[in-house]
Amino acid sequence: MGIFPRKVKGFRDIDSRLNSVRWLIIQKASEVYRRYGFEHWDSPVLEYAELLGKYLPDADDVADGIYSFRNPELEPQFDERGNELRDEQNNVVMTNHFLTMRYDLTAPLARMYSEMVWQRFIHNQLKEGRAPLFRRYQFGPVFRFEAKLDPGRFREFWQLDFDTVGSDDVAVDAENVMVLSDALENIGISRGKYVVRMNNRKLVKGYLRAVGVESEELEQAILRIVDKADKIGMQGVAEELGKGREDKASGAFISGLGLDNRLIDRIMQFFYSFENTPGRAEVLNKLANLNIGNELLDQGLEELRRIDEILSGLNYRDDRAILDPTMIRGMGYYTGPIFEVEYQGTYKDEKGRKRRVGSISGGGRYDGLVERILGLRVPATGASIGVDRLAEVLINQGLVPEYSGPVLIVVFDPGMMIEYQRLALKLRNAGIDTEIYYGNRRGLKQQLSYADQKNSPLALLLGEDELRQNVITVRDLRLGKELADKITDKQQWKEQVQQQVPLDQVVEYVKNKLQK
RNA sequence: GCCGGGGUAGCUCAGACUGGUUAGAGCGCCAGACUGUGGAUCUGGAGGUCAUGGGUUCGACCCCCAUCCCCGGUACCA
């Protein structure tokens with residue numbers, strides 16, 4: 001008996017092809033991040049649950065969306081100043097802490113930063129507004145427990161973040177837009193195929209406050225509905241703000257917030273006025289003419305002006321970044337400017353349906369995350385690229401270079417192994433990825449078939465005939481694939497894709513072939 | 001979570017409405033022909049607890065019930 005082999009639901013194996021795209025994204029984007037002064041840091045996959053700020057499994061609230069479990073090891077409990085808790089007998093209170101697998105890279109950053117400044121903080125050397133500056137980029141897997149998986153969404157996926165902690169200058173937010181734009185172009189997405197949408201939470205919050213939305217909860221609920229506008233339409237938004245709506249596709253009734261019509265009108269009025277998103281200058285104009293007289297809104301507008309000024313000054317125009325006051329982003333922790341990158345295009349999924357690509361990256365200013373841990377307001381802003389999402393886009397849009405496996409040395413005769421090894425050594429020393437075939441199925445057919453599967457560009461044949469003549473037969477598998485459909489005569493086909501090359505010229509020859 | 005659809009070969013699906021001897025196709029896989037040679041072409045072959053359990057029936061892939069799983073939509077999403 002054996003064991004039924006299967007992988008954990010929502011997780012996946014990544015083949016060499018996908019991995020090559022992943023690394024392309026990471027390398028090209030990191031290059032840009034570094035150019036802006038961000039340095040590469042990592043943090044563990046596991047964190048203490050209370051530091052990531054999610055509910056624990058056996059707390060009253062369900063741990064929705066996270067993987068969390070008890071640490072097998074007993075450890076002391078601490079108060080907020082790092083003192084060990086004691087019981088009546090003055091023994092240290094031990095517990096199996098809850099551990100959480102990180103669900104993003106931002107929350108661990110807040111922990112990491114807090115830990116770095118902890119000593120200064122505890123000795124009162126850290127004052128609000130004077131927190132040290134920290135800029136890092138980080139990539140790796142994050143984990144979310146989604147009860148139901150949407151197509152193309154997984155429970156483990158990669159993110160690629162850059163963040164600036166310790167600055168409240170919105171120039172950083174402007175720079176974030178530039179970093180995202182540069183990174184995407186460096187990856188190979190041409191200008192015009194993506195657009196960075198910017199907004200400021202303060203605008204919307206200020207407006208809502210001005211029209212009479214006071215409570216934080218109601219505000220969040222409204223934002224959540226407005227965020228769905230592109231999916232359910234403006235009409236749908238209005239309905240959900242009011243009595244609710246019936247979803248035709250599913251027949252489900254979605255209950256609304258029950259706001260009164262006058263309020264709904266005023267809310268909708270704001271969002272309607274920015275339809276057909278015009279250029280940044282025009283949006284800023286419209287915002288200025290709102291005449292709401294709300295301080296928060298004015299502040300948000302001023303910040304956006306400043307961002308626009310910098311971007312425009314550096315020639316990052318409307319073709320790269322636009323202002324969209326209706327863009328919300330789901331996450332609650334954003335406090336100021338927010339960004340979202342949308343890929344401008346559609347693709348066909350595996351069932352041939354047209355799909356919008358949508359958001360491939362997002363971010364914004366979050367001035368409250370460190371505060372949750374230290375109780376000290378430390379401003380921060382940054383953004384994250386969804387690596388796997390973007391990889392999917394690149395593949396769908398044909399923007400990735402053709403994947404290539406190693407050159408394969410065919411083993412005609414195991415007795416000649418030393419010859420094969422020598423040949424491989426020469427190629428490897430020249431920096432060419434080279435594999436010698438070690439499979440048990442020795443047929444020439446099997447070996448070439450294997451090379452084909454691995455996407456090898458070339459197969460090198462060295463048998464008795466070649467050995468006698470001191471040559472190698474080089475078979476161009478790529479060319480062969482191209483010519484396959486056009487040629488019926490096997491002999492002719494073979495002549496076109498194979499060439500005998502003198503042994504001492506093989507490295508040069510192969511190098512040349514691979515460069516094409 | 002809610003509404004709807006589905007589960008038949010490794011993959012995509014037909015058969016089901018109207019129950020009846022050996023459950024089919026394409027692709028893929030394997031072997032052979034051409035060739036010390038991946039593709040194409042031709043020939044042949046292997047591969048199925050018809051999701052699982054129970055019921056109805058002389059007889060169930062097909063009808064009924066339950067369970068599990070998958071898909072679409074919707075809700076949630078730091």
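Predicted, not measured: the structure shown is a model, and the values here were computed from it. In what follows, every chain begins at residue 1, and chains take the letters A, B, ... in the order their sequences are listed.
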With C1' as the reference atom in both, quote the distance from rG54(B) to rC68(B) in angstrom, rounded to an integer. 14 Å
Go through rU35(B), rG38(B), rC30(B) for me and flag the one nearest to the Lys494(A) side chain. rU35(B)
Answer yes or no on whether Arg144(A) is positioned over the face of Tyr103(A), meaning its NZ or CZ is under 6.0 Å from the six-membered ring centre and within 45° of the axis. no
Whole angstrom is fine here: how far is it from CG in Leu257(A) over to P in rA75(B)? 13 Å
What is the distance from CZ of Arg365(A) to P of rA78(B), rounded to the nearest Å? 20 Å
Could you tell me how far rG1(B) sits from rC76(B) if I compare only their C1' atoms? Round to whole Å. 9 Å
C1' spacing across the pair rC27(B) / rG39(B), given as an integer number of angstrom: 16 Å
Name the pairing partner of rC63(B), where a pair is Watson-Crick or G-U wobble with both distances under 3.5 Å, or state none. rG55(B)
Please tell me which of the listed nucleotides, rG36(B), rG38(B), rA78(B), lies nearest to the side chain of Tyr333(A)? rA78(B)
Which nucleotide in the list rC70(B), rG36(B), rA31(B) gets nearest to the side chain of Lys9(A)? rC70(B)
Closer to the 5' end of RNA chain B via nearest nucleotide, is it Leu448(A) or Ile225(A)? Leu448(A)
So what does Gln498(A) hit on the nucleic acid, given a heavy-atom distance under 4.0 Å: a base, only sugar-phosphate, or nothing? base
Output the single nucleotide from rG39(B), rA78(B), rG36(B) whose closest atom is nearest the side chain of Trp493(A). rG39(B)
Between rC30(B), rG38(B), rU35(B), which nucleotide gets closest to the side-chain atoms of Leu477(A)? rG38(B)
Is the shortest side-chain N/O distance from Lys454(A) to OP1 or OP2 of rG38(B) below 4.0 Å? no
Hey, are Arg365(A) and Asp367(A) close enough for a salt bridge, meaning a charged N less than 4.0 Å from a carboxylate O? yes
Dump the intermediate steps for side-chain hydrogen bond (donor to acceptor under 3.5 Å, both in side chains) on Asp163(A) and Tyr366(A), then the final yes or no. CA-CA 10 Å; Asp163(A) 293 88; Tyr366(A) 49 97; 2.6 Å; yes
In whole angstroms, the gap separating P of rA78(B) from CE of Met101(A) amounts to 20 Å
Using only side-chain N and O atoms of Arg372(A), determine if any of them is under 4.0 Å from OP1 or OP2 of rA78(B). no
Select one nucleotide: of rG38(B), rG36(B), rC77(B), the one nearest the side-chain heavy atoms of Arg224(A). rC77(B)
Does the distance from a Lys or Arg side-chain N to an Asp or Glu carboxylate O, for Arg468(A) and Asp465(A), drop under 4.0 Å? yes
No-hydrogen, no-angle side-chain donor-acceptor test under 3.5 Å, Ser404(A) and Arg478(A): yes
For the P atoms, the ones on rC17(B) and on rA78(B), what distance do you get once it is rounded to whole angstrom? 48 Å
Of all the choices, rG36(B), rG38(B), rA31(B), which nucleotide is nearest to the side chain of Asp465(A) once you look at every atom? rG36(B)
When rounded to whole Å, the CZ to C1' distance for the pair Arg201(A) and rA78(B) reads 11 Å
Tell which nucleotide pairs with rG4(B), taking only Watson-Crick or G-U wobble pairs whose two distances are both under 3.5 angstrom. rC71(B)
Touch check for Arg102(A), heavy atoms < 4.0 angstrom, all strands: base, sugar-phosphate only, or nothing? nothing
Out of rA75(B), rC30(B), rG38(B), minimum distance to the side chain of Glu240(A) belongs to rA75(B)
With a 4.0 Å cutoff (strictly under), does any side-chain N or O of Arg468(A) reach OP1 or OP2 of rG36(B)? no
C1' gap between rG47(B) and rC11(B), integer Å: 13 Å
Separation of Gln447(A) atom CD from rU35(B) atom C1', in whole Å? 15 Å
Taking pairing as Watson-Crick or G-U wobble with both contacts under 3.5 Å, can you name the mate of rA31(B), or confirm there isn't one? rU43(B)
Distance-only, no hydrogens or angles: does the Arg428(A) side chain make a donor-acceptor pair with backbone N or O of Thr434(A) under 3.5 Å? yes
For rG26(B) and rC65(B), measure between their C1' atoms and round to the nearest Å. 36 Å
Using the P atom on both, measure rC70(B) against rA51(B) and round to a whole Å. 16 Å
Which listed nucleotide (rG36(B), rA31(B), rC34(B)) is nearest to the side chain of Lys445(A)? rC34(B)
Would you tell me if any nitrogen or oxygen in the side chain of Gln446(A) comes within less than 4.0 Å of OP1 or OP2 on rA31(B)? yes
Indicate, with yes or no, if the rings of Tyr113(A) and Trp41(A) have centres closer together than 6.0 Å. no
Strictly by Watson-Crick or wobble contacts shorter than 3.5 Å, is anything paired with rA78(B), and which nucleotide is it? none
Report yes if a donor N or O on one partner sits less than 3.5 Å from an acceptor N or O on the other, where the partners are the side chain of Glu482(A) and the base of rG39(B); otherwise report no. no
Using a cut-off of 4.0 Å on non-hydrogen atoms, how would the nucleic acid contact of Phe412(A) be classed: base, sugar-phosphate, or nothing? base
Find the distance Asp227(A):CG to rC76(B):P and express it as a whole number of Å. 10 Å
Nearest whole angstrom, please: distance from the P of rC77(B) to the CD of Glu340(A). 15 Å
Does Tyr450(A) lie flat on the base of rG38(B), that is, centres under 5.5 Å apart and planes under 30° off? no
Expressed in angstrom and rounded to an integer, what is the separation of Gln469(A) atom CD from rG36(B) atom P? 15 Å
Taking the six-membered ring for Trp, is the centroid-to-centroid distance between Tyr207(A) and Phe270(A) below 6.0 Å? yes
If I pick the P atom on rG6(B) and the same atom on rU18(B), what distance separates them, to the nearest angstrom? 15 Å
